[in-house]
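Hydrogens, waters and symmetry mates play no part in the numbers below; they use all other heavy atoms, side chains included.
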Amino acid sequence: MKSKGVISFGEVIMDRIISPNSQSVMKVGGATANVAIRLARKSVPTFYMTKIGTDEHSQYAKQQLEDEGIDLSGTITSVNKKLCIVSIVQEDGEREFQSYENDTPHIWLEANELNESIYQKTHISYFGSGTLFHDIAKKTSLKALKLAKKYQHFIVMDANIRLKRWKNESDCRKTINSFLKEADLIKMTEEELLFLCKAKDYRTALQQLSSWSNQWIMITRGRLGATLLHKEKSITVEAPTVDVVDTTGAGDAFLSSILHDIYYHGIPLTSWNGNMYSFEQIQKEHMLFLFSVLIK
């Protein structure tokens, strides 16, 4: 496994982080970019596929990604593309996605722009629902899935629902569910689980997941910890107690830890014996905690 790398496919954005005193700071963001950065910092060969522009924000993001050691040979540059800017309001350690500013909403990485050679030298593909609301990005995601399956990748998807980017809840739910069923490992929050299953409570939602028995499903529940489900079995691990500074990117930190373990220790496909749990409590911005489960 270590001879191959990880593809992170999606949209790099700029986060405008607004503090309670109304001060703001711009940071490179987007779930797939966040995961790519954390994987590269863990010495995992990481390839990022996206489309950027030639504007100031695009070039800043490109430089940041390159400085992290991420391979951008699958990233396409368009002179007309502008990065989406997301305003995130922070209060009491929590965050709210206030608005999305996208001057080029119809410019995305297209299916014929995917670099197939990168799939030949990687073994794990990761993507989220962040761009599935747009037809072009959706078609590209379908092509990316086909390539991942062609080269026998372990496919990982983060539900990562941002309703403000969708036309309506019904389209959002239908589209994301159709893609989730193509993944080998799924990560979602408890709130996303309830939304996707149209369930009123956690127990009812879990019962609806029985049809996804061949997949690995990870559900994060904030201070209640996280649960891993697979073939009618489950493991739940409580979260460590931490002082919450900023939850932005916490889910991305969680998932990068999972991908790191899969890259270095293999895909958990054989047995539930020999479970190993590891916690890394980090009390600083953009990393609430890292939680990983390794099953050999």
Please give me the minimum heavy-atom distance between Asn115 and Gly74, naming the atom from each residue. CB-CA, 4.4 Å
With rounding to the nearest 0.5 Å, note down the distance linking CD1 in Ile76 to CD in Glu113. 5.0 Å
Going through the checks in order, is the side chain to side chain contact (heavy atoms under 4.5 Å, CB included) test met by Thr131 and Leu109? CA-CA 10 Å; Thr131 60; Leu109 187 67; over 6 Å; no
Keeping His123 on the side-chain end and Val6 on the backbone end, is there a donor-acceptor pair under 3.5 Å? no
Side-chain heavy-atom pair Arg162, Ser129 within 4.5 angstrom cut-off: no
Leu259 versus Leu185: any side-chain heavy-atom pair under 4.5 Å? no
Approximate separation, where rounding is to 0.5 Å, of Ile107 CD1 and Cys84 SG: 13.0 Å
So do Thr140 and Trp108 actually touch side chain to side chain, heavy atoms under 4.5 Å? no
Cluster check Leu224, Ile258: I/L/V/M/F/W/Y, side chain < 4.5 angstrom: no
Shortest non-hydrogen pair, Ala205 vs Leu193, comes out as CB-CG, 3.6 Å
Mind checking whether Leu209 and Phe195 sit in one hydrophobic cluster, side chains of I, L, V, M, F, W, Y counted as touching below 4.5 Å? yes
Got Leu147 and Leu114 here, is their nearest side-chain heavy-atom distance under 4.5 Å? yes
Pairs involving residues 74-85, ordered by first then second residue, that meet side chain to side chain donor-acceptor pair (under 3.5 Å) (sequence neighbours left out): none
Restricting to non-hydrogen atoms, name the atom on Thr54 and the atom on Ser58 that form the minimum distance, rounded to 0.1 Å. N-CB, 4.2 Å
Applying salt bridge (Lys or Arg N to Asp or Glu O under 4.0 Å) to Glu56 and not counting sequence neighbours gives none
Under 3.5 Å: donor-acceptor pair, side chain of Thr32, backbone of Ser8: no
Is the backbone N or O of Val44 less than 3.5 Å from a side-chain atom of Thr46, with the two atoms forming a donor-acceptor pair by type? yes
If you group Ile, Leu, Val, Met, Phe, Trp and Tyr by side-chain heavy-atom gaps below 4.5 Å, do Leu39 and Phe254 land in one group? yes
In a check of ring-ring contact (aromatic ring centres under 6.0 Å, His included) between His153 and each of Phe9, Tyr119, Phe127, Phe47, which one passes? Tyr119
Check the hydrophobic clustering (I, L, V, M, F, W, Y; side-chain heavy atoms under 4.5 Å; chains of links allowed) and say if Val28 and Leu83 are grouped together. yes
Answer yes when Lys27 and Asp15 have at least one side-chain N-carboxylate O distance shorter than 4.0 Å, and no when they do not. no
For Gln207 and Arg203, what are the C-alpha separation, side-chain angles and deciding distance, and is it a side chain to side chain contact (heavy atoms under 4.5 Å, CB included)? CA-CA 7 Å; Gln207 292 174 350; Arg203 186 181 298 274; 4.3 Å; yes
Under 4.5 Å between side-chain heavy atoms, counting indirect links through other Ile/Leu/Val/Met/Phe/Trp/Tyr residues: same cluster for Met26 and Ile13 or not? no
Contact summary for Glu68 and Arg41, nearest pair of heavy atoms: OE2-NH2, 2.8 Å
Would you sort out whether Tyr126 and Ser256 count as a side chain to side chain contact (heavy atoms under 4.5 Å, CB included), showing the intermediate values? CA-CA 10 Å; Tyr126 157 68; Ser256 69; over 6 Å; no
Beyond-backbone contact of Arg38 with Ser257, side-chain heavy atoms, under 4.5 angstrom: no
Going by side chain to side chain donor-acceptor pair (under 3.5 Å), name the residues that satisfy it together with Asn177, two or more places apart in sequence or in a different chain. none
Side-chain touch Asp158/Val35, heavy atoms, less than 4.5 angstrom: no
OG1 of Thr227 to CZ of Arg221, rounded to nearest 0.5 Å, is 6.0 Å
Heavy-atom closest contact (Cys172 atom, Ile161 atom, distance): SG-CG2, 3.8 Å
Taking the side chain as C-beta and beyond, is there a heavy-atom pair between Ile52 and Leu72 under 4.5 Å? no
Once rounded to the nearest 0.5 Å, what's the spacing between atom CG of Leu206 and atom CG of Leu229? 6.0 Å
Measure the OH-OG1 distance between Tyr151 and Thr122 for me, rounded to the nearest 0.5 Å. 10.0 Å
If the plane angle is over 60° it's perpendicular, under 30° parallel, otherwise tilted; pick one for Phe133 and Trp166. perpendicular
Given side chains that start at C-beta, do those of Leu163 and Glu169 come closer than 4.5 Å, heavy atoms only? yes
The test is side chain to side chain contact (heavy atoms under 4.5 Å, CB included); show your working for Lys198 and Gln208 and say whether it passes. CA-CA 10 Å; Lys198 297 182 71 173; Gln208 295 185 36; 5.9 Å; no
With rounding to the nearest 0.5 Å, note down the distance linking CD1 in Ile217 to CG in Leu228. 9.0 Å
Closest heavy-atom pair and its distance - Gly128, Met157: C-CE, 4.2 Å
